[in-house]
Every structure is written in structure tokens, then in C-alpha cells.
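Lettering follows sequence order; numbering is per chain, from 1.
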2 protein chains.
Amino acid sequence: MADAEADARTPRERYRAQVRTEIKGHAWEQIATAGASALSLNAIAKQMGMSGPALYRYFASRDELITELIRDAYRSLAETLRTASGTGAGLAGLAHALRGWAREDPQRYFLIYGTPVPGYHAPEDITGIADEIMKTLLDACTALAPDGPPSPFDAHLEDHRDWAAGHPAPPTALHRALTFWTRLHGVLSLELAGHFTNMGFDRDLFFAAELDDLLAHRA
Amino acid sequence: MADAEADARTPRERYRAQVRTEIKGHAWEQIATAGASALSLNAIAKQMGMSGPALYRYFASRDELITELIRDAYRSLAETLRTASGTGAGLAGLAHALRGWAREDPQRYFLIYGTPVPGYHAPEDITGIADEIMKTLLDACTALAPDGPPSPFDAHLEDHRDWAAGHPAPPTALHRALTFWTRLHGVLSLELAGHFTNMGFDRDLFFAAELDDLLAHRA
DNA sequence: AAAATTTAGTTAGAGGTTATCACGCACCCG
DNA sequence: CGGGTGCGTGATAACCTCTAACTAAATTTT
């Protein structure tokens, strides 16, 4: 969890960066145990032994802190997937990396893919990270041999591939990337939210089955 | 939106029920426009022209109000699906009913399937409604002809079918019900959260494609 | 080195929230 | 028509975010 802003020039900046990451550490702890809506700047300050308003030297508002956490979550996910992509394990490797990352801290996953708050819009640079995530996903999908003729929806995607940001993936790969995303999110999100808890079946097996179907896609 | 508790015996109970539903009405309004975490009892009271603590005559706490809203959301979804099931449109009908219901009020959908708050556990009777939803889903899946030999995961489900609550669905139907749920939730959840907004493709077409794949499932 | 500036942290306070309490008043039932 | 029941009130406590004014310390400039 080495923070990028830990190595700064002047001692002042070093200290400032260190306090910022310590604040974020306590914030993550609170989020993991009580959810993002229960995050309290006051409580964080108390934990750090200083009084409330001091935190406003480091984050302009509660929303800015949360935005920063969202940014870090995106960065962490992007790095996890990039690493998994580097091992050459393909789409399946990406899937298991995603699931591992999500189960490691469910609330972090929900910070990205959970209930949206109606007013909120993520800052521009975050969509950049999201694009990188999509890129590694598209890479893995392109690596798979195209299996069968493009479906009608594949053709539609071919005509609306702006979101691929110039990635040279064939239309079937575009489609597979999309379904990879939505299907795994479907399983994962319900699993993490505890909707499977009294259902008795094996979550690992179900995820694996869903992944298999995703990989063994015929035309 | 006729509430079940609207027709009560004594005038007192009638009035009480009416006020309760009016409170819930304002609550839904707030949730739709600002999300559940921004729901404020105080604001509701102000809207209704009475002062804060009065609402505690009708709901013991903010949590109890939200729980009641969740209950109503489940009931509404169950009824919607039951109705769709009655029209004989099959699984596809259920899918479109689900999507229509979700898009009608995204925050209501997320109240059920969105980010879980770590401490919270839904009361017993809500799981009963969830069971009914699963039942109508299993009915529709059973109505479809079983297509091919059961997969290994189908076999696993056959051994862990407690969640089906005695429903006589064949294992392939159990599996299809599960994937229907998770896959459509995956698409729907990301769509409602706005993750598709700048991607250019047609959400209706994508949903239809995902549904087609779900229905045309080979072995 | 001393002075000036920047920055961290403090307390006080405004305005918001949930929730409890004690009280008055009105309604409904016997 | 009297008396219990229940509704709504204001006051209050304990939180919350966030602003403002001030102190003290560290850094930078002269």
C-alpha cells in the first residue's frame, strides 16, 4: 500500500503526504467496518489524536476525501489487473484477480461499482483510470481467438466502439469484454452483498462456472 | 401505489396508516433525488409541516423507516414479477418487467441490490418475499424445456437446492434461474449506476443480447 | 542571525442530523 | 361527559460537517 505521494521533496511535503495517507488509512478502516456513508472526519481526527477541523488542512471536505479514496480504489484495481495480465494467465487470470481483489475489501469494490449517489460525478482523471482497466480487459479478450461469426450485437458494437479508445479489438472481443465485465460484476456484487449467504451452494464453483461459460462462448 | 395498510378499522388507525404512507412517500422522493444515505427525517417532517420528533410516533428510528421502504421495494418487485409471470410471456417477459421496474426508480432497485451496509441484516419476513421472487423465477425457468445434459455445476446445484424451498425445478432450471438473476443484475446495476453513459452503445440492445444468450443456452 | 511569511493545529461557533424526554392538548370510547 | 390514549410540541443531548479567528511553530527570505 505504498502511496505514490509518500516521497516528496521538502520535509513539509513529506510530512503532509504522510498525514494524508494516515488519514486515508483510518478512513479505509471505517469504511470497511461501517460503510462509506458512516465515514466521519471527526472520528478519524479523534483516532489520530487531533481535533476535528485540523483535517481540513489535508482534505477540503468529506467529499474530497471520499473522492480520493475512490481514486485510490480505481488505481489499486487497475494495478491488480495489470499485474494479473502480466502473468499471462489470460482472461481467467483477470477474473480471479478481480474476484480476489473484490473479496479483499468488499466496501472498496462497492465504492467503485456500488450504489451511485445521484448528485455525484467522478472527476475526469478517474475515467482515465477506468479506460486503462478497460484496455487491459480488451487486450485479454483480443488474445482469445475469435470464435464464430459476429452476432448482430457484435455488429452494433463495431459501429459504436468509441469507448474502446482506439483499441484494435475485433467486435467479438468488444462483446466479450462487455459481458466479462457485467456478468462477473453480477456474480461478485451479489456475492459480496451477501445475497448468496443462505443459499447453500458453493460460491467458488458458481463463479468458476460463470467464468467457464464466458470463456467457452460459441457463436 | 395503494398501500396495504390504508384500510384499517378505527379512524385512529386509518389516520395513522395514512400518515405513515405519506411519510414513506416523501422518503421515496428524497431517496430518488439524493439517495438513501441522504434521507432526513427532519426534512420529511418539515415537508409535512410538523416538527422533527413527531415522526417518531410513526417510525421508531430512521433505520426502521428504511427497513420498511426496503420491504415495500421487495413487495413491489415481487408483485411486478408475479404480474409479468401471469401474462405468460415467460422468462423474457420477466426480464423486461425487471428492467422496467428497475429503471422506473433506480434508487429503489439499489435499496435491494445495491451496496450493503456492513452492520445491517434484513428482518426475517423480507427473506420470505425474496423467496417468492425466486419462486416465480424458478417457475419460468422450469417452463423452459431442459436443453442438454446437466453440467457439473448443475449437479452441484442438485445437491444444494435448499434455497429453492422445495421447488421441483430440474437442476438446469436452478442454474438458469441463478444466471438469470446474476447476469441481468450485472447489466442492470451497471446501467443504472451510469457506468455505460459515455460508452455509446445501445443499452436496450445489450440487455436484449444478454437475455437472448440466457434463453438460447445450449449444453 | 533576525525578520517575515507560510503552515499546522487549536478553540469557538453556526447549522445540520438522530433521538429522548416531558409536557399539553385533542380526540375517542366507555 | 369524564378519563385514558395517543399525537404533536419544545427543550435537550450527542453527534456530524465546515468556517472563522487565533496561536505557535517551522521555513524562507533578507
*When you check every protein heavy atom under 4.0 Å of nucleotides 17-28 of chain C, what one-letter string (B, S, -) results, 5' to 3'?*
SBBB------B-
What is the separation between atom [atom1] on [X] and atom [atom2] on [N], rounded to the nearest whole Å?
{"X": "M50(B)", "N": "dG6(D)", "atom1": "CE", "atom2": "P", "value": "17 Å"}
{"X": "R14(A)", "N": "dA26(D)", "atom1": "CZ", "atom2": "P", "value": "17 Å"}
{"X": "F59(A)", "N": "dT19(D)", "atom1": "CZ", "atom2": "P", "value": "16 Å"}
{"X": "L55(A)", "N": "dT10(C)", "atom1": "CG", "atom2": "C1'", "value": "13 Å"}
{"X": "L65(A)", "N": "dT17(D)", "atom1": "CG", "atom2": "P", "value": "10 Å"}
{"X": "I66(A)", "N": "dC16(D)", "atom1": "CD1", "atom2": "C1'", "value": "13 Å"}
{"X": "E13(A)", "N": "dT28(D)", "atom1": "CD", "atom2": "C1'", "value": "14 Å"}
{"X": "I44(A)", "N": "dC18(D)", "atom1": "CD1", "atom2": "P", "value": "12 Å"}

*Considering residues at least two apart in sequence or located in another chain, which fulfil the side-chain hydrogen bond (donor to acceptor under 3.5 Å, both in side chains) criterion with Y56(B)?*
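Y56(B) satisfies side-chain hydrogen bond (donor to acceptor under 3.5 Å, both in side chains) with no residue once adjacent residues are dropped.
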*Using a cut-off of less than 4.0 Å, is there contact between a side-chain N or O of S51(B) and OP1 or OP2 of dG10(D)?*
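The answer is yes; a side-chain N or O of S51(B) sits under 4.0 Å from OP1 or OP2.
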_Does Y120(A) form a side chain to side chain donor-acceptor pair (under 3.5 Å) with T67(A)? I'd like the steps, not just the answer._
CA-CA 10 Å; Y120(A) 185 81; T67(A) 294; 2.8 Å; yes
*asked:* Please determine whether side-chain contact (heavy atoms from CB on, under 4.5 Å) holds for the pair W163(B) and L174(B), giving the CA-CA distance in whole Å, both sets of side-chain angles, and the decisive distance to 0.1 Å.
replied: CA-CA 10 Å; W163(B) 54 276; L174(B) 294 177; 4.0 Å; yes
*Could you tell me whether N198(B) atom CG has more than 12 heavy atoms of other residues or ligands within 6.0 Å of it?*
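Count not over threshold, so no.
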Where the side chain of [X] meets the backbone of [Y], is there a donor-acceptor pair that is under 3.5 Å apart?
{"X": "T80(B)", "Y": "S76(B)", "answer": "yes"}
{"X": "R161(A)", "Y": "A169(A)", "answer": "yes"}
{"X": "R203(B)", "Y": "E191(B)", "answer": "no"}

*Please map the stems of DNA chain D, keeping only stretches of three or more Watson-Crick or G-U wobble pairs with both distances under 3.5 angstrom.*
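Stems for DNA chain D, defined as runs of 3 or more consecutive pairs: C:1-30 with D:1-30.
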*Using a cut-off of 4.0 Å on non-hydrogen atoms, how would the nucleic acid contact of Y58(A) be classed: base, sugar-phosphate, or nothing?*
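Y58(A): backbone/sugar contact only, no base atoms under 4.0 Å.
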*Please confirm whether H156(A) and F206(B) have ring centers closer than 6.0 angstrom.*
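Centroid distance H156(A)-F206(B): not below 6.0 Å, so no.
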*asked:* Would you call the rings of H195(B) and Y113(A) parallel, tilted or perpendicular, taking 30° and 60° as the class edges?
replied: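 Ring orientation of H195(B) relative to Y113(A): tilted.
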